[in-house]
Amino acid sequence: MPELPEVETIRKDLEGAIVGAIITDIWTDTPKMLSPSFKSVKAESVGKKIVAVKRRAKVLMIDLEGGKCLLIHLKLSGRILLRKPLTKEDIYTHIKIILKLKDGSPLEFRFCDLRKFGYVKLANDEELKKVREGLGPEPLDDLTLEYFQKTLAKSGKPVKTLLMDQEKFSGIGNIYANEAFFAAKVLPMRPAKSLSAEESEKLFNGVSKVIKEGLDNRGTTAKDDFYLDAFGRAGNNESNLKVYQKNGTDCLVCKGKIQRVNLGGRGTFFCPNCQH
DNA sequence: CGATTCGCCTGAGAGC
DNA sequence: TGCTCTCAGGCGAATC
């Protein structure tokens, strides 16, 4: 699923391809994916030039001339695909929203989403500020070890649940959370405050390591995963996964069996031998 | 106020 | 074979 490395990969693809383009029309067959409404998104976007493509946590931000912004969340199964109009290659892949673009030659920005959990939301400065402030610091950016350790020490929640709480830390989803705990040799179900300073530092470093690997490899396309970059290419990070969806297989380090449990409603994978 | 549960949605896989 | 049932999953909303 699209987490920080996947969304950032898409952002870079888009930045190189659509900044300067003008939105000439918007189509959808699922108006509920647009807010405040399809009508208002269309009215505020058509005719506007795209001036920047940014990202905060897992949210893509398409800045339009005039100050408004389109916030895009891919949730579980969303994809952004840039295609020439009339190409049929995506016709069976759940196209839900199309932004038609003109930048010398025409281009389609297709938002595909099997589960329809994703959204396109028109935001003004005030709403944008609210979104930015509601999200925690980002790994590899403004997340510090001091804040990380302090935040863990304050909570009795399972530490993995806390790590995926976007208000506390942002951009970390289920794949990278599981991998970070394996890298740190820490069990994800431990109460956050039970981690020693040494363990939380290992976890902090584990998060940085797996997020960086994900970015360097243009994201993870796992089994049952819909992630593709903006040009339709799969990510290259799957070979780095050590535990995610590996339940029942041998641990690569100790030859124990990887286990799966449910934690906060989410699949949680770990090696009971390597992680403590 | 914090913690838990629900709902959104679909296809894959299981069960019969 | 083919139908029905269950489940995953980010995250906002409702409820306990």
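Just so it is clear, the structure is predicted and the values come from calculations on it, not from any experiment. So you know, we letter chains A, B, ... as the sequences are listed, proteins then strands, and number each from 1.
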Asks: Specify the closest pair of heavy atoms between A:Phe111 and A:Gly78, including all atoms of both residues, with the distance to one decimal.
Replies: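 Shortest heavy-atom contact: CE2-CA, 4.1 Å.
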Asks: Does the pair A:Arg11/A:Glu8 count as a salt bridge with the N-to-O cut at 4.0 Å?
Replies: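 Yes, this pair counts.
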Asks: Can you measure A:Phe226 atom CZ to B:dC9 atom C1' for me and round it to whole angstrom units?
Replies: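 Atom CZ in A:Phe226 sits about 11 Å away from atom C1' in B:dC9.
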Asks: Please work out if A:Lys32 contacts a base, only the sugar-phosphate, or nothing of the nucleic acid, heavy-atom cut-off 4.0 Å.
Replies: sugar-phosphate
Asks: Do you know the tightest heavy-atom contact between A:Asp25 and A:Val46?
Replies: CA-CG2, 3.8 Å
Asks: Using a cut-off of 4.0 Å on non-hydrogen atoms, how would the nucleic acid contact of A:Asn174 be classed: base, sugar-phosphate, or nothing?
Replies: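 If one applies the 4.0 Å heavy-atom cut-off, A:Asn174 turns out to touch the sugar-phosphate alone, with no base involved.
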Asks: Report the C-alpha distance between A:Phe148 and A:Phe169 in whole Å, list the side-chain angles of each, state the deciding distance to 0.1 Å, and finish with yes or no for ring pair (Phe, Tyr, Trp, His ring centres under 6.0 Å).
Replies: CA-CA 8 Å; A:Phe148 189 83; A:Phe169 309 106; 5.2 Å; yes
Asks: Would you indicate what A:Leu76 reaches in the nucleic acid, counting non-hydrogen atoms under 4.0 angstrom: base, sugar-phosphate, or nothing?
Replies: base
Asks: So which nucleotide from C:dC11, C:dG9, B:dG11 ends up closest to the side chain of A:Gln166?
Replies: C:dC11
Asks: What's the CG-C1' distance between A:Asp29 and B:dC9, to the nearest Å?
Replies: 14 Å
Asks: Which part of the nucleic acid, if any, lies within contact of A:Gly265, taking any heavy atom under 4.0 Å across all strands shown: a base, the sugar-phosphate backbone alone, or nothing?
Replies: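 Counting heavy atoms under 4.0 Å across all strands, no contact is made by A:Gly265.
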Asks: Verify the stacking flag for A:Phe117 against C:dG10: centroid separation must be under 5.5 angstrom and the ring planes must differ by under 30 degrees.
Replies: yes
Asks: Does B:dT10 have its OP1 or OP2 closer than 4.0 Å to a side-chain nitrogen or oxygen of A:Lys116?
Replies: yes
Asks: Given B:dA3, B:dT10, C:dG10, identify the nucleotide with an atom nearest to the side chain of A:Lys75.
Replies: C:dG10
Asks: Please state whether the phosphate of C:dG10, meaning OP1 or OP2, lies under 4.0 angstrom from any side-chain nitrogen or oxygen of A:His73.
Replies: no
Asks: Give a yes/no answer on whether the side chain of A:Arg266 brings an N or O atom under 4.0 Å of OP1 or OP2 in C:dG10.
Replies: yes
